[in-house]
Amino acid sequence: MPELPEVETYRHYFEATSFHQAIEAIEVEDRKLLTTDYATLTETLVGQSFAATRRVGKNLFAFTDGGHTLHLHFGMTGDLEYYHSSLPRPRHARIVFVFRSGFNLGFICPRKFERIGLVSSVEDYLKRKKIAPDGLEITLEQLTETIQKRKSPIKPVLLDQSTVAGIGNWIVDEVLFQAKVHPERLANELTPSELEQIHSAIGFVLRTAIEHEANYGLFPRSFLIHAREWDASPFEHPDQHKRCPEGHADIVQTRVGGRATYFCPVCQVIP
DNA sequence: CGCTATGTTGTTCC
DNA sequence: AGGAACAACATAGC
């Protein structure tokens, strides 16, 4: 479930499992997932080892000891799974890095929205895709400058990776709830105080999610995420997952910018 | 069967 | 030129 905190967790997993082992082969089940043609990808990477990583927003970059850069994007449902060759290939591991060590790194692509390929450099990729500063690094000034130029509701503006990198659909709802801003407030009408609260909430939500390795069930009770349908647990009281964490009201479910949206009609009001 | 989905990109209309 | 709105992408799961 790859938004920024998940990708950061995958980055750690990648470093812990797949460094310093020569690549023997790359198995590709569906070439549509590649952004580099198969022959070039193989010719470039076979024999090399992964030696460093970097994450910007939802993008993961892996650097080889030979100086090449691999880019991975996890789409909506991508994941990584490291496994020994004696075990069967994991379900939906449509791209597999086979290491000479006898282990494999599977790029799990259930819905084929994932992408992987070589890039000339991180900076080139970010520029080409207009990726804004990472959510953990962006300054209030940078965020303010972009938001004030936009006239649409704040929710789609924050989802736009050219505003700030790494925010996805559940995080934007959480950020707006923590900042007490209604998702349909127009971006260019937000006050300096609200912009400051949004900036601060972005850092708080991202850091909290990373601390818990994106394991939603462990997030503080004060998080709106527990009101989302897929957080429902059979051990919880059936009504509990639909109330505002502050107990003010029932959470409203609607659509903003074509996306499922949850908010508290009491904590987040349109003036 | 119908509906929804955590993301991005392409198209069309301003 | 570039923003806004929305469809399309491919598949799984309920």
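Reminder, nothing fancy here: chain letters follow the sequence lines and each chain counts from 1.
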Worksheet item: Is the shortest distance from a Lys or Arg side-chain nitrogen in A/R207 or A/E211 to a carboxylate oxygen in the other one below 4.0 Å?
Response: no
Discussion item. If I take atom CG in residue A/L159 and atom P in nucleotide C/dG3, what distance separates them, rounded to the nearest angstrom?
Written reply: 16 Å
Worksheet item: Dot-bracket for DNA chain B, 5' to 3', counting Watson-Crick or G-U wobble pairs under 3.5 Å, with [ ] for crossing pairs and | for inter-strand pairs?
Response: .||||.||||||||
Discussion item. If you compare every side-chain N and O of A/Q161 against the phosphate oxygens of B/dT8 (OP1, OP2), does one of them come in below 4.0 Å?
Written reply: yes
Discussion item. Rounding to an integer number of Å, can you tell me how far A/D160 CG sits from B/dT9 P?
Written reply: 11 Å
Worksheet item: Does the distance from a Lys or Arg side-chain N to an Asp or Glu carboxylate O, for A/D37 and A/R31, drop under 4.0 Å?
Response: no
Worksheet entry | Donor-acceptor side-chain pairing of A/W170 and A/Y262 below 3.5 angstrom | no
Item to complete: Give A/K151 one of three labels, base, sugar-phosphate or nothing, depending on what nucleic acid heavy atoms sit under 4.0 Å from its own.
Response: sugar-phosphate
Item to complete: Can you check each nucleotide of nucleotides 9-14 of chain C against protein heavy atoms at under 4.0 Å and return B for base, S for sugar-phosphate only, - for none, in 5' to 3' order?
Response: BBBSS-
Discussion item. Quick check against the 3.5 Å criterion: does A/E24 have a side-chain atom that pairs as donor or acceptor with the backbone of A/F99?
Written reply: no
Worksheet entry | d(CD1, A/I154; C1', C/dA4) in whole Å | 15 Å
Worksheet item: With no hydrogens and no angle check, is any side-chain donor or acceptor of A/Y13 less than 3.5 Å from a backbone partner on A/Y82?
Response: yes
Worksheet item: Hey, does the side chain of A/R115 come within less than 4.0 Å of B/dG7's phosphate (OP1/OP2), counting only N and O?
Response: no
Response to the item:
Exactly one of A/R54, A/R128, A/K129 clears salt bridge (Lys or Arg N to Asp or Glu O under 4.0 Å) with A/E123, and that residue is A/R54
Practice prompt. Determine, for A/E114 against A/R94, whether the closest basic-nitrogen to carboxylate-oxygen distance falls under 4.0 angstrom.
Written response: no
Practice prompt. Go through B/dT6, C/dA5, B/dG7 for me and flag the one nearest to the A/P153 side chain.
Written response: C/dA5
Worksheet item: Any ion pair linking A/E196 and A/K180 (charged N to carboxylate O, less than 4.0 Å)?
Response: no
Worksheet item: Within the structure shown, what part of the strands sits under 4.0 Å from A/R255 by heavy-atom distance: base, sugar-phosphate, or nothing?
Response: sugar-phosphate
Practice prompt. Specify whether A/H84 and A/F103 have parallel, tilted or perpendicular ring planes, treating 30° as the upper limit for parallel and 60° as the lower limit for perpendicular.
Written response: perpendicular
Discussion item. Please report the distance separating the C1' of B/dT6 from the corresponding atom of C/dA4, rounded so that it comes out in whole Å.
Written reply: 23 Å
Discussion item. Output the rounded distance in Å from NE2 (A/H71) to C1' (B/dT8).
Written reply: 11 Å
Worksheet item: In whole angstrom, what separates A/L158's CG from B/dG7's P?
Response: 13 Å
Worksheet entry | Interatomic distance, A/K129 NZ vs B/dG7 C1' [rounded to whole Å] | 12 Å
Worksheet item: So what does A/G258 touch, heavy atoms closer than 4.0 Å: a base, only the sugar-phosphate, or nothing?
Response: nothing
Worksheet item: Think A/H73 has a side-chain N or O under 4.0 angstrom from the OP1 or OP2 of B/dT8?
Response: yes
Discussion item. Rounding to an integer number of Å, can you tell me how far A/Q253 CD sits from B/dC3 C1'?
Written reply: 13 Å
Worksheet item: Between A/E194 and A/R185, is there a side-chain N and carboxylate O pair less than 4.0 Å apart?
Response: yes
Worksheet, complete the sentence: Taken to the nearest whole Å, NZ/A/K130 to P/B/dT8 is 15 Å
Discussion item. Mind checking if A/R150 touches a base, just sugar-phosphate, or nothing, with heavy atoms under 4.0 Å?
Written reply: sugar-phosphate
Worksheet entry | Any A/K58 side-chain nitrogen or oxygen under 4.0 Å from OP1 or OP2 of B/dT6 | no
